[in-house]
Amino acid sequence: MSSRSPAISCRGLRKSYDDVKAVDGLDLEVEPGECFGMLGPNGAGKTTTIEILEGLTKADAGDVTVLGRRWGHHDRELRERLGVSLQESRLTEKLTVYETLELFRSFYAHGRSPEQLLEDLSLEEKRDARVGKLSGGQRQRLAVACALAGDPEILFLDEPTTGLDPQSRLQLWERIAVHKASGRTVLLTTHYMEEAERLCDRVAIVDHGRIIALGTPSDLVASLNAPHIIDFATEPAVAEELLARIPGVGDRRQRDGRWLLNAASLAQAVPALLAALDGAGARLVSLSTHRATLEDVFLSMTGRELRDE
């Protein structure tokens with residue numbers, strides 16, 4: 001890790017809503033210039049955590065510093081240096097796209113011109129369109145453009161590509177990568193594993209308000225000790241004892257009537273699996289394989305998928 005002071009640091013962060021612990025003793029450090037992702041299912045505590053770091057929500061307990069400053073003491077200075085795109089941004093619908101960007105740019109002493117923001121987020125054709133007439137994807141890109149208006153040292157993005165079509169998602173990924181390449185820090189929350197793997201230097205997997213795994217995407221996937229996943233179903237179902245004898249297979253878990261096996265070598269494991277099923281009189285209903293992902297890491301650790309509600 002860098003010897004520089006972290007861009008974001010929190011210790012023992014806690015936040016509850018009635019009897020629900022949204023954030024439960026979370027510790028986190030984000031280095032200057034890195035893209036850091038908080039990955040987890042809906043309700044894991046990602047949004048509450050990022051809102052506390054943004055100064056929008058007050059924690060029940062814990063210590064938070066952002067750029068070496070604290071909310072409640074350096075609020076004006078921090079807001080000048082941060083950019084925030086919320087999970088749902090409500091912009092004035094009667095303003096045009098250009099007027100909206102002009103308004104947000106006026107909030108900062110320094111920043112990017114509305115013309116540059118239009119170009120950066122591919123919104124030139126919507127320059128004079130009213131916000132209320134934009135599609136969901138266009139609104140999302142406009143929200144990110146507003147967050148970039150002050151050329152922020154830290155860019156907070158909460159589920160930035162939820163609901164976007166594939167092309168808009170790729171465009172936004174490119175803009176986030178460009179912002180990071182300029183030496184700025186990005187903290188984003190997501191439940192899209194591909195987004196985290198594509199953009200993030202490091203990822204914290206969050207569940208029930210706690211970080212359950214932390215590292216680079218490649219290191220977290222490597223922690224499974226098997227680069228491949230075999231996903232199959234049979235009739236009748238087979239017992240785990242049968243699968244335990246298949247060479248090269250590690251972790252074994254069931255999901256919705258299917259078995260998921262971590263395998264070191266597909267060339268070794270798949271033929272052995274087929275022979276074992278044939279010997280047991282089990283008919284193969286479906287079989288697919290894929291390289292292990294962050295979703296498999298989460299499933300292995302929790303027994304649930306990232307997109308579980």
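Residue numbers count from 1 along this sequence.
- In plain terms, the two heavy atoms of I154 and A7 that are nearest each other are CD1-O, 3.7 Å.
- The shortest distance between side-chain heavy atoms of Y192 and R169 falls below 4.5 Å.
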CA sep, side-chain torsions, deciding dist, call: W259, E240, side chain to side chain contact (heavy atoms under 4.5 Å, CB included)
CA-CA 9 Å; W259 277 103; E240 185 173 3; 3.7 Å; yes

R175 and L148: CA distance, side-chain angles, deciding distance, side chain to side chain contact (heavy atoms under 4.5 Å, CB included) verdict:
CA-CA 10 Å; R175 179 44 42 193; L148 290 167; 3.9 Å; yes

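- Nearest heavy atom pair, residue S85 against residue V144, reads OG-CG2, 3.9 Å.
- Atom CZ of R210 sits in a sparse spot, with 12 or fewer heavy atoms from other residues, nucleotides or ligands closer than 6.0 Å.
- Of the options I8, D201, V186, V66, a side chain to side chain contact (heavy atoms under 4.5 Å, CB included) to V30 is made by I8 and by none of the others.
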Just distance, no hydrogens or angles: give the donor-acceptor pairs under 3.5 Å from side chains in residues 274-282, sequence neighbours left out.
none

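- At least one side-chain heavy atom of D151 sits under 4.5 Å from a side-chain heavy atom of R184.
- For the pair E80 (side chain) and A109 (backbone), a donor-acceptor distance under 3.5 Å is present.
- The two residues A149 and R105 make their nearest non-hydrogen contact at O-CD, 3.6 Å.
- Contact annotation: the side chain of N262 approaches that of I229 to within less than 4.5 Å [non-hydrogen atoms, C-beta and beyond].
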Intermediate values then yes/no, salt bridge (charged side-chain N to carboxylate O under 4.0 Å, His left out), E93 and R139
CA-CA 10 Å; E93 298 202 346; R139 285 181 183 233; 3.1 Å; yes

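- In this structure, the separation between OG on S168 and CZ on R141 is 4.5 Å, given to the nearest 0.5 Å.
- Note that the CG atom of L123 and the CD atom of Q138 stand 7.0 Å from one another [nearest 0.5 Å].
- The CD1 atom of I52 sits 11.5 Å away from atom CG of L28, with the distance rounded to the nearest 0.5 Å.
- Side-chain contact between L260 and R252 is absent, with no heavy-atom pair separated by less than 4.5 Å.
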Evaluate the side chain to side chain contact (heavy atoms under 4.5 Å, CB included) criterion for residues L220 and L294: first the C-alpha distance (whole Å), next the side-chain angles of each, then the deciding distance (0.1 Å), finally the verdict.
CA-CA 7 Å; L220 290 175; L294 289 172; 3.8 Å; yes

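- At distances below 3.5 Å, not a single donor-acceptor pair connects side-chain atoms of T190 with backbone N or O atoms of E159.
- Grouping the Ile, Leu, Val, Met, Phe, Trp and Tyr side chains by contacts below 4.5 angstrom, directly or via other members, places V131 with L172.
- Between the CD atom of E295 and the CD atom of E197 there is a distance of 9.5 Å, given to the nearest 0.5 Å.
- For the atom pair NE2 of H179 and CG of L155, the computed distance is 4.5 Å after rounding to the nearest 0.5 Å.
- Between D27 and I211, the closest side-chain pair of non-hydrogen atoms is not below 4.5 Å.
- T189 and D158 form a side-chain donor-acceptor contact under 3.5 Å, judged by distance and modelled atom types alone.
- Hydrophobic clustering places I246 together with L242 (ILVMFWY residues linked when any side-chain heavy atoms are closer than 4.5 Å, directly or through intermediates).
- In terms of heavy atoms, G257 sits closest to A233 at O-CB, 4.0 Å.
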Please assess L142 against L101 for the test side chain to side chain contact (heavy atoms under 4.5 Å, CB included), listing each intermediate value before the final yes or no.
CA-CA 8 Å; L142 177 57; L101 294 175; 3.7 Å; yes

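- When hydrophobic clusters are built by joining Ile, Leu, Val, Met, Phe, Trp and Tyr residues whose side-chain heavy atoms come closer than 4.5 Å, directly or via intermediates, V84 is grouped together with V23.
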Show me, pair by pair, the donor-acceptor contacts under 3.5 angstrom made by side chains of residues 53-62, not counting sequence neighbours?
| from | atom 1 | to | atom 2 | distance (Å) |
| --- | --- | --- | --- | --- |
| T57 | OG1 | E51 | OE1 | 3.3 |
| D60 | OD2 | S16 | N | 2.7 |

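- Listed here is the closest heavy atom pair of A264 and A226: N-CB, 4.0 Å.
- Distance check: E99 CD to R130 CZ gives 6.5 Å after rounding to the nearest 0.5 Å.
- You'll find the side chain of L273 reaches within 4.5 Å of the side chain of L243, heavy atoms only.
- Counting only distance, with no hydrogens or angles, the side chain of T92 and the backbone of L95 share no donor-acceptor pair below 3.5 Å.
- With a 4.5 Å cut-off on side-chain heavy atoms, K180 and I176 do not count as touching.
- Using modelled atom types and a 3.5 Å distance limit, the side chains of D207 and T302 yield no donor-acceptor pair.
- Between R11 and D63 there is no salt bridge, since no side-chain nitrogen of the basic residue lies less than 4.0 Å from a carboxylate oxygen of the acidic one.
- With a 4.5 Å cut-off on side-chain heavy atoms, L103 and S106 count as touching.
- At most 12 non-hydrogen atoms from other residues, nucleotides or ligands lie less than 6.0 angstrom from CZ of R90.
- One hydrophobic cluster, built from ILVMFWY side chains closer than 4.5 Å, holds both F107 and V97.
- Environment of CZ in R198: sparse, with no more than 12 heavy atoms of neighbouring residues, nucleotides or ligands closer than 6.0 Å.
- Scanning for side chain to side chain contact (heavy atoms under 4.5 Å, CB included) contacts around E115 gives Y98, S113, R127, with sequence neighbours left out.
- Of all the heavy atoms in P41 and K46, the pair that sits closest is O-NZ, 3.1 Å.
- Hydrophobic clustering keeps F156 apart from L199 (ILVMFWY residues linked when any side-chain heavy atoms are closer than 4.5 Å, directly or through intermediates).
- Under a 3.5 Å cut-off, the side chain of E77 and the backbone N or O of H74 do not form any donor-acceptor pair.
- In terms of modelled atom types and a separation under 3.5 Å, the side chain of Q140 and the main chain of P160 share a donor-acceptor contact.
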Intermediate values then yes/no, salt bridge (charged side-chain N to carboxylate O under 4.0 Å, His left out), R291 and D296
CA-CA 9 Å; R291 292 195 64 82; D296 296 303; over 6 Å; no

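- Judged purely by distance below 3.5 Å, without hydrogens or angles, the side chains of E195 and T161 pair a donor atom with an acceptor atom.
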